Amino acid sequence: MKFAVERISKGGGRLGKLSNLRSQPDVIHATPMTLVATVGGSAPHLTQDVFNLVAKKDAPLCVSAQHYCKHVEILQAYKKGVASFAALKGHSVCVTVQDAAQVTPSGYNDKQGISTWTHGGRQVLTPQTYMNVVEVMQPDWYEVLCDADTPPDASKKRLSKSAAMSKSYLTQCLKLHKDSNCLQGAGVLIPLLGGHSNAERVRWSKWVADNAQDGIEAAGYSLLGLHTNGPKVEKIDAKAVCELVETSLGSLSQSLPRQASGAWNPLTVVRLVMAGVDIFDSTFPYLVTERCGALTFLHWLTRDPSIDNLQHQNKRLRGDSEKNQNQDEEETWNEKEKESKSEELESTEGKENQCDEEVNVKSSYEICLKDKRYAEVQEPLVSGCECYTCQNFTIAYIHHLTMVKELLAPVLLSIHNLHHWFGFFSSIRTAVGSDQLADLQRLLQTSAA
C-alpha cells in the first residue's frame, strides 16, 4: 500500500494517490475519497449489478469486523476473502473494528478486549481473535484493534485507561501481523486516540511518533475516539472535531494517508479535508437512505453533470426494456391517487402528521420522501442529476413507494444517494486542485442554511 501527496491546497486540503493495494496492484485511487460503507460486506439494498451501475468496479469497500467475528470458520474454509465472499471480487477492502452506522454502547471494553455487538449479542474481540478475523477477511488495509470508547464527556480516568489498553492491543496486533503470512502486503492503520482532550491527543501522537523508530510500520492513520458511531455523529461540532484532528496530526508524518470513519455531514467532511484527512466512508448517505431521505445539497462549483465520471450515464439495468411499463404504472398510480385523495388523506392523517414531525429532525442536506408535500411532485430528486433514479423516476413515485413500504424505495434512494456522495467527493477533489475548498464550504453553508 503506497500513498503519495500530489498537491497541497492554499486553502487547506491535499490531493493524493493511493496505489499498490494487494488486491488492486495496478489501480490508483485519487484522494480525498470515500469508501463504500457495507453491511456484512455488501452495499446495503443493492445487488452486485446495481452496485456496479452506481460505483466504479474498483471502488474500495469498508467492511466492519463485527459483522464477521462469528464467521471466521466459514471465511477460513472459503479462503478467498470477504470481497469475493460478498460477490464483489475486484474491489479493495478496508476492515474497521466497529460499524460506523451503529451506535457502539459505552462502558464495555476491558483488559480482555473490545466489545462489539452482533445479531447474537455481545462479542469480545481480543487481539488474537481480532487478528484471526482480519486474516480470513484478507483486507488491503485495516485498523488495528484499540479502545476508542472515549465520548465527549469521557473522564480523565477513562481516557487514561483507553490509552493504556490501546497500547497493549497495538503491540500485540503488530506482532501478530508480522508473524502472519496471510497479511503480508496488507496496510496497517495506526489509531490516533485521546478522545476530546487536546492534551491526551498530543500525548498519544507523541507515543506513536516515538515508537515509529521501534518497528511500528504504519501504512496510515485512523482518527478514532472522536465519537461512538451512529447517527449522532452528524451533529458533532465540526470546529471542535477539526481542532482535535489537527492536534493529533501535528507531530506525525505528512506522507501517510489519514482516515476518519463515521457519518460526518458534508460540511464537516469539507472541514476535515481542510484539516488534512484523506479517506472517509459512505455511512452518511446510508443513514439518509435508512430514514427514507434523498440527498439534495449543492456541491457543484461549476455545474457539470459529467464531472464525476461514474461511468453509468448510458448504462441501463437488466430488464430496463420495461421502462415504458414503469412509466405507465406511475401514470396509473397518479390517476388512482387523485380519485381517492380525500379518502387517503383522512385515513393517513395521523401518519402524515407523524411524518411532518420526523422531517423536522432530518439534516438540512436532504429531503424526506415520507413528507406528504411530495405526493404529486413530477420532478426528479435533483434536477440535472444523471443517476439511474433521477433519470427514470419522479419524486411522487418514490414517495408512493416509501409510503407503501415497497422494497424498491430504498434501492432507488441508495442509487441516488451513493451517486450524489461520489459526485460530492469529485467536487472536493476539484476544489482542492483549484484552491476553491473555501468556496465549496461557503456553498454548503448556504445550502444547509
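Only this structure's heavy atoms are used, side chains among them; waters, hydrogens and symmetry mates stay out. Worth saying up front: this structure is predicted, and the values here are computed from it rather than measured.
- The minimum heavy-atom distance between Gln184 and Lys178, with the atom names listed, is NE2-O, 3.7 Å.
- Counting only residues at least two apart or on different chains, no salt bridge (Lys or Arg N to Asp or Glu O under 4.0 Å) pair has a member in residues 259-268.
- With respect to Ser115, the side-chain contact (heavy atoms from CB on, under 4.5 Å) criterion is satisfied by exactly one of Asp149, Leu125, Val124, Thr104: Val124.
- A salt bridge links Arg291 with Glu366: at least one charged nitrogen is closer than 4.0 Å to a carboxylate oxygen.
- Note: Phe297 and His420 meet the aromatic proximity criterion, with ring centroids under 6.0 Å apart.
- Annotation: salt bridge (Lys or Arg N to Asp or Glu O under 4.0 Å) contacts involving residues 61-89, sequence neighbours excluded, are absent.
- Residue pairs meeting the ring pair (Phe, Tyr, Trp, His ring centres under 6.0 Å) criterion with at least one member in residues 139-175, sequence neighbours excluded, are Tyr142-His177.
- The aromatic rings of Tyr68 and His71 sit perpendicular, their planes meeting at an angle over 60°, well past the 30° parallel limit.
- The structure places OG1 of Thr247 at 12.5 Å from CD of Glu200, a figure rounded to the nearest 0.5 Å.
- Under the 3.5 Å distance criterion, with hydrogens and angles disregarded, no donor-acceptor pair is assigned to the side chains of Thr96 and Glu143.
- Considering every non-hydrogen atom in both Val382 and Leu295, the closest pair reads CG2-O, 3.6 Å.
- The salt bridge (Lys or Arg N to Asp or Glu O under 4.0 Å) analysis of residues 4-23, with sequence neighbours excluded, yields the pairs Arg7-Asp435, Arg14-Asp278.
- Evaluation of the side-chain hydrogen bond (donor to acceptor under 3.5 Å, both in side chains) rule for Gln128 yields Asn132 as partners, not counting sequence neighbours.
- For the pair Leu252 and Ser205, the tightest heavy-atom approach, listed with the atom from each and the gap, is CD2-O, 3.5 Å.
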field: From CA spacing to verdict: side-chain contact (heavy atoms from CB on, under 4.5 Å), Cys94, Val63
entry: CA-CA 6 Å; Cys94 168; Val63 186; over 6 Å; no

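- No donor-acceptor distance shorter than 3.5 angstrom exists from the side chain of Arg258 to the backbone of Leu249, with no hydrogens or angles considered.
- Within the structure, the ring pair (Phe, Tyr, Trp, His ring centres under 6.0 Å) test picks out the following pairs touching residues 115-138 (sequence neighbours left out): Tyr108-Trp117.
- Side-chain contact annotation: Thr283 with Asp281, donor-acceptor N/O pair under 3.5 Å present.
- In this structure, the separation between CD on Gln48 and NZ on Lys57 is 9.0 Å, given to the nearest 0.5 Å.
- At a threshold of 4.5 Å between non-hydrogen side-chain atoms, the residues Cys69 and Thr118 count as touching.
- Here the straight-line distance linking atom CG of Leu256 with atom CE of Met1 works out to 8.5 Å at 0.5 Å rounding.
- Among Lys111, Lys167, Lys161, Arg158, the one residue that satisfies the salt bridge (charged side-chain N to carboxylate O under 4.0 Å, His left out) test with Asp147 is Arg158.
- Closest non-hydrogen pair, Gly195 versus Leu226, comes out as O-CD2, 4.3 Å.
- Between Trp207 and Leu193 the shortest side-chain heavy-atom distance does not fall below 4.5 Å.
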Requested in this report: Given side-chain contact (heavy atoms from CB on, under 4.5 Å), test Leu183 with Val134 step by step and report yes or no.
Outcome: CA-CA 8 Å; Leu183 292 176; Val134 172; 3.8 Å; yes

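- Atom CD of Gln112 sits in a sparse spot, with 12 or fewer heavy atoms from other residues, nucleotides or ligands closer than 6.0 Å.
- Between Val277 and Gln259 there is no side-chain heavy-atom pair separated by less than 4.5 Å.
- Contact of the Leu224 side chain with the Val97 side chain is not registered, since no non-hydrogen atoms from C-beta on lie closer than 4.5 Å.
- Between the side chains of His91 and Asp58, no donor-acceptor pair of N or O atoms lies under 3.5 Å.
- Residues Leu170 and Leu174 meet the side-chain proximity criterion, which asks for heavy atoms closer than 4.5 Å.
- Between Leu444 and Tyr365, the shortest heavy-atom distance links the atoms O-CE2, 4.5 Å.
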Exercise. Could you check Leu53 against Tyr388 for side-chain contact (heavy atoms from CB on, under 4.5 Å), going step by step and ending with a plain yes or no?
Key: CA-CA 8 Å; Leu53 179 79; Tyr388 179 83; 3.9 Å; yes

- request: Take Phe3 and His29, measure what ring pair (Phe, Tyr, Trp, His ring centres under 6.0 Å) needs, and give me the verdict at the end.
  value: CA-CA 10 Å; Phe3 180 76; His29 298 286; over 10 Å; no

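- Using bins of under 30°, 30° to 60° and over 60° for the plane-to-plane angle, the ring pair His45/Tyr286 lands in the tilted bin.
- Crowding of Ile8 atom CD1: a count of heavy atoms from other residues, nucleotides or ligands under 6.0 Å not exceeding 12.
- Distance check, rounded to the nearest 0.5 Å: OG of Ser427 to CH2 of Trp300 gives 7.5 Å.
- Between His227 and Trp264, the distance separating the two ring centers is shorter than 6.0 angstrom.
- Checking Ser168 against Gln172 by side-chain atom types alone, a donor-acceptor pair falls below 3.5 Å.
- Residues Ser180 and Glu135 have side chains that bring a donor and an acceptor to within less than 3.5 angstrom of each other.
- Of all heavy-atom pairs between Leu287 and Pro231, the closest is CD1-CA, 3.8 Å.
- Here the OG1-CZ distance, from Thr31 to Phe425, works out to 10.5 Å after rounding to the nearest 0.5 Å.
- Within the 3.5 Å criterion, the main-chain N or O of Gly40 finds no donor-acceptor partner in the side chain of Thr38.
- The closest side-chain heavy-atom distance from Asn229 to Asp99 is not below 4.5 Å.
- Counting only N and O atoms by type, the side chains of Thr126 and Thr129 include a donor and acceptor under 3.5 Å apart.
- Side-chain contact of Trp421 with Thr34: a donor-acceptor pair under 3.5 Å is present, judged by distance alone.
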(request) Verify side-chain contact (heavy atoms from CB on, under 4.5 Å) between Val233 and Phe284, making sure each step is shown before the conclusion. (result) CA-CA 9 Å; Val233 177; Phe284 179 73; over 6 Å; no

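- In this structure, Met33 and Leu18 have side chains that are in contact, with non-hydrogen atoms separated by less than 4.5 Å.
- For the atom pair Ser19 OG and Asp26 CG, the distance stands at 10.0 Å (nearest 0.5 Å).
- Side chains of Leu369 and Leu381 form a contact here, defined as non-hydrogen atoms less than 4.5 Å apart.
- Of the N and O atoms on the side chains of Ser84 and Tyr78, at least one donor lies less than 3.5 Å from an acceptor on the other residue.
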**Item:** Verdict with supporting geometry, Ser92 and Gln24, side chain to side chain donor-acceptor pair (under 3.5 Å)
**Value:** CA-CA 7 Å; Ser92 56; Gln24 299 175 331; 3.2 Å; yes

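- Under the 3.5 Å distance criterion, with hydrogens and angles disregarded, no donor-acceptor pair is assigned to the side chains of Thr116 and Gln123.
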